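Below: one structure, written as structure tokens.
Numbers restart at 1 for each chain; the letters A, B, ... are given by sequence-line order, proteins then strands. Quick caveat, the model's predicted, so the values are computed rather than measured.
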Protein chains: 2
Amino acid sequence: MVTLEDVARHAGVSLATASRVLNGSTRQVGASLREKVEVAAAQLGYRTNVAAQTLARGASNVIGLVVHDLTDPYFAAIADGAMRVAERQGLMVMVGTTHRDPQREIAYVSTLNAQRVRAVLLAGSRLTDTQVTRRLREELDRYRETGGRVACVGQDMLGVDTVAPGNREGAAALARALAGLGHRGFAILAGPEGLITARDRVAGFTEELHRLGLPDPLVLHGSFDRDGGYGAATRVSGVTCVFAVNDVMAVGALAAFRDRGIRVPEDVSVAGFDDIFTLRDLVPALSTVRLPLADMGARALELALDAAEEARVEGVAGEVVLRASTRALG
Amino acid sequence: MVTLEDVARHAGVSLATASRVLNGSTRQVGASLREKVEVAAAQLGYRTNVAAQTLARGASNVIGLVVHDLTDPYFAAIADGAMRVAERQGLMVMVGTTHRDPQREIAYVSTLNAQRVRAVLLAGSRLTDTQVTRRLREELDRYRETGGRVACVGQDMLGVDTVAPGNREGAAALARALAGLGHRGFAILAGPEGLITARDRVAGFTEELHRLGLPDPLVLHGSFDRDGGYGAATRVSGVTCVFAVNDVMAVGALAAFRDRGIRVPEDVSVAGFDDIFTLRDLVPALSTVRLPLADMGARALELALDAAEEARVEGVAGEVVLRASTRALG
DNA sequence: CTGTTAGCGCGTTCAC
DNA sequence: GTGAACGCGCTAACAG
């Protein structure tokens, strides 16, 4: 293993000089020595030892990213956005996937703390479980006490910089749009009870129906994925419009209705939430609430990197997009 | 920042003892001292400094993963598989996305080398550009010379452990199946010319048509994504069956045909390749060649981690899956 | 079992 | 400009 010292010796200069030319020091080095060092480094095939550098500098060039599931396009999009800004800043990204296990989320924060990453990004809905939230906060606080920066894409419950999707407002806007189409009987494929993202979308939608003087929707719980949508849709009846709290669930619902011989949108309208890119060619095209996921991931990392005194919360508005999966009544 | 030394002093033991209880040493420590150390660590909020540990041990607990694009479900699936085995082994994963820029792939290998990661996983098709391949190999060799382990999901061109999807064979089997349905006039949405995965699929398909005595297919190039499939499908005519070299392109083709008023499968059959999970609810359901992507990612990491004398190449067979997007003729 | 000590590779004051 | 030397936090002999 070639070390800086090898390079220095080979170039006939001091360790310090070699360090200055090879790594981003502010100090200047004479052209001739600089040349020698570069040649020696190239010849020997020198590669900086980042661990040593991190130790000496007391700061790393890595950021941590914790998501639930990379194969869920929602998180893939957020991760992509975050990784683009990381790359632009010359930072590497360490990724942990929790597969929706909150214990694992906490464990990752701890591990990333040990790695002394520059910043940690938490993507994904918070849970109603206050125990879990408290323990996560403790872990985050401990990390932040020693200079760690944290940002979150999701609900503002951790006392850190947060990019908060407008779940309530978006769902409410969607309800309004759907009501505007003439629908009066709704079902909500509501996701799991403990997931705040799902809850907020349900609440925003339901409250808006109230406000419009429409009857309460049928609320059907299930998992937050395709199968959850499918299963819940199986139990739908007597409504003209179904709101799945995310697009992936809506896809499951579409499949369920197809299997049941129920046509969309002729027999029932279906809307989702998120506007997942990979699903844009679905037939019928899915009405949904668009969230700029990549931007949200990027923005969250920017917030984390740009240290501030107190936690900032940035809301992100969802935009209702009506497509072929919902139709006007009468 | 609390260090091991702080903990040791606080517990009234030596640095070595503290190290032994807090980090995974094989050495035993008496119960009473162990207890003291653990209490002290907890009280002080000690967190291992992984950089220091890595430096001292000369080995890190991180693996590197280089993919083209995380938002492409193909890579997301591979990454997910790899990350599951990483997690099982207690390793963290550093991810780099190249966005199909080969320079960036090389740069990431260099950076991961500097990080002294335990292993590097390269996922994604190789290119026909021999210059690029040579430079990548050089960079990999340099990494391997100092103990780095490398594995690749893709073509065996790097001289490293490789999980090689059976692109040719899979495409040939698909051609056979499609011919068995009675199709004789084919078009291939062939992807970019320089991408070997695409090339192999085209070649396997074409050669099998030859072997069956069927006419040459119409070969239409384009990008390897949804838009490439859409664009190429726009130029299709006079055939009964279209083979898109991956599922995402097939989705684009479906959209193009829809826009052109061409019905699938009534007017034209469409098949893809990969069997992307997120697309399984597409209508019409896509005929394709299934690749066990997550397993491939997992297997590649296993290969990399389990050091061997010489590079192993494991072929992975694709399985033809005929669904509703292709129909039998006459 | 437990403690002492010499590095691991590099950044960075300091003097020159 | 350049070099010498100390310290970053931890591991791993080695000695007891």
Side-chain angles (χ1 to χ4, degrees), chain A residues 1-38 40-41 44-62 111 113-118 143 146-148, chain B residues 1-38 40-41 44-62 111 113-118 143 146-148:
Chain A
M1 188 71 64
V2 183
T3 73
L4 232 205
E5 188 167 354
D6 298 331
V7 175
R9 196 179 315 123
H10 199 81
V13 302
S14 73
L15 219 191
T17 298
S19 170
R20 296 197 263 253
V21 351
L22 261 17
N23 305 49
S25 169
T26 53
R27 309 280 304 255
Q28 290 302 306
V29 173
S32 72
L33 287 193
R34 144 165 270 111
E35 166 86 13
K36 280 188 193 170
V37 172
E38 281 164 350
L44 269 41
Y46 171 72
R47 279 286 177 273
T48 302
N49 182 324
V50 176
Q53 207 168 252
T54 298
L55 183 56
R57 285 215 254 254
S60 84
N61 274 299
V62 178
T111 302
N113 187 351
Q115 299 278 354
R116 299 293 191 274
V117 296
R118 257 245 249 298
Y143 170 60
T146 53
Chain B
M1 188 71 65
V2 183
T3 72
L4 231 205
E5 190 169 351
D6 297 333
V7 175
R9 194 178 320 123
H10 200 81
V13 303
S14 73
L15 220 195
T17 298
S19 170
R20 295 197 264 254
V21 352
L22 261 16
N23 305 47
S25 168
T26 53
R27 310 280 303 260
Q28 291 302 305
V29 173
S32 73
L33 287 194
R34 141 165 273 111
E35 165 85 13
K36 278 189 194 169
V37 172
E38 280 164 351
L44 269 41
Y46 171 72
R47 278 288 177 271
T48 303
N49 183 325
V50 177
Q53 205 170 257
T54 298
L55 183 57
R57 286 216 254 250
S60 84
N61 275 301
V62 178
T111 302
N113 187 349
Q115 300 277 355
R116 299 293 189 274
V117 296
R118 259 248 248 299
Y143 169 59
T146 53

Let me know the distance between [atom1] of [X] and [atom2] of [N], rounded to the nearest Å.
{"X": "Gln53(A)", "N": "dC10(D)", "atom1": "CD", "atom2": "C1'", "answer": "18 Å"}
{"X": "Asp6(B)", "N": "dC8(D)", "atom1": "CG", "atom2": "P", "answer": "11 Å"}
{"X": "Arg57(A)", "N": "dT12(C)", "atom1": "CZ", "atom2": "C1'", "answer": "11 Å"}
{"X": "Gln115(A)", "N": "dG9(D)", "atom1": "CD", "atom2": "P", "answer": "16 Å"}
{"X": "Leu55(A)", "N": "dC10(D)", "atom1": "CG", "atom2": "P", "answer": "9 Å"}
{"X": "Arg34(B)", "N": "dC1(C)", "atom1": "CZ", "atom2": "P", "answer": "10 Å"}
{"X": "His10(B)", "N": "dG9(D)", "atom1": "NE2", "atom2": "P", "answer": "18 Å"}
{"X": "Leu4(B)", "N": "dT2(C)", "atom1": "CG", "atom2": "P", "answer": "16 Å"}

Can you name the closest pair of heavy atoms from Val29(B) and Leu33(B) and give their distance?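 Nearest pair, atom of Val29(B) first, then Leu33(B): CG1-CB, 4.1 Å.
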Heavy atoms only: give me the nearest Arg118(A)-Ser60(A) pair and the separation to one decimal.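 In this case the closest contact between Arg118(A) and Ser60(A) is NH1-O, 2.8 Å.
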Any N or O donor-acceptor pair linking the side chain of Arg20(B) to the base of dG3(C) at under 3.5 Å?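 A donor-acceptor contact between them is present.
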Can you find a donor-acceptor N/O pair under 3.5 angstrom joining the side chain of Arg116(A) to the base of dG9(D)?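 Check fails, no donor-acceptor contact within cut-off.
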Say whether, by atom type as modelled, one donor and one acceptor occur between the side chain of Tyr143(B) and the main chain of Val117(B) under 3.5 angstrom.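 Answer holds: yes.
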Donor-acceptor check, side chain of Thr54(B) to backbone of Val50(B), threshold 3.5 angstrom: yes or no?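 Checking the backbone N and O of Val50(B) against the side chain of Thr54(B), a donor-acceptor pair under 3.5 Å is found.
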Counting only side-chain nitrogens and oxygens, does Asn49(A) get under 4.0 Å of the OP1 or OP2 atom of dC8(C)?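 Checking Asn49(A) against dC8(C): no side-chain N or O falls below 4.0 Å of OP1 or OP2.
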dG3(D), OP1 or OP2 - any side-chain N/O from Ser14(A) closer than 4.0 Å?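 For dG3(D), OP1/OP2 do have a side-chain N/O of Ser14(A) under 4.0 Å.
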Between [options], spot the one nearest the side chain of [X], thanks.
{"X": "Leu15(A)", "options": "dG7(C), dG11(C), dT13(C)", "answer": "dG11(C)"}
{"X": "Val29(A)", "options": "dG9(C), dC10(D), dT2(D)", "answer": "dT2(D)"}
{"X": "Ala16(B)", "options": "dG3(D), dC10(D), dA13(D)", "answer": "dA13(D)"}
{"X": "Ser19(A)", "options": "dC10(D), dG3(D), dT12(C)", "answer": "dT12(C)"}

What is the nucleic acid contact for Gly58(A), judged by heavy atoms within less than 4.0 Å: base, sugar-phosphate only, or nothing?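 Nothing, no heavy atom under 4.0 Å.
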Quick check: on DNA chain C, is the nucleotide nearest Tyr46(A) upstream (toward 5') of the one nearest Thr17(B), or the reverse? Name the residue that is more 5'.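 Nearer the 5' end of the strand: Thr17(B).
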Within the structure provided, determine whether Met1(A) and Asn49(A) are in side-chain contact (heavy-atom separation under 4.5 Å).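 In short, these two side chains do not touch, never coming nearer than 4.5 Å.
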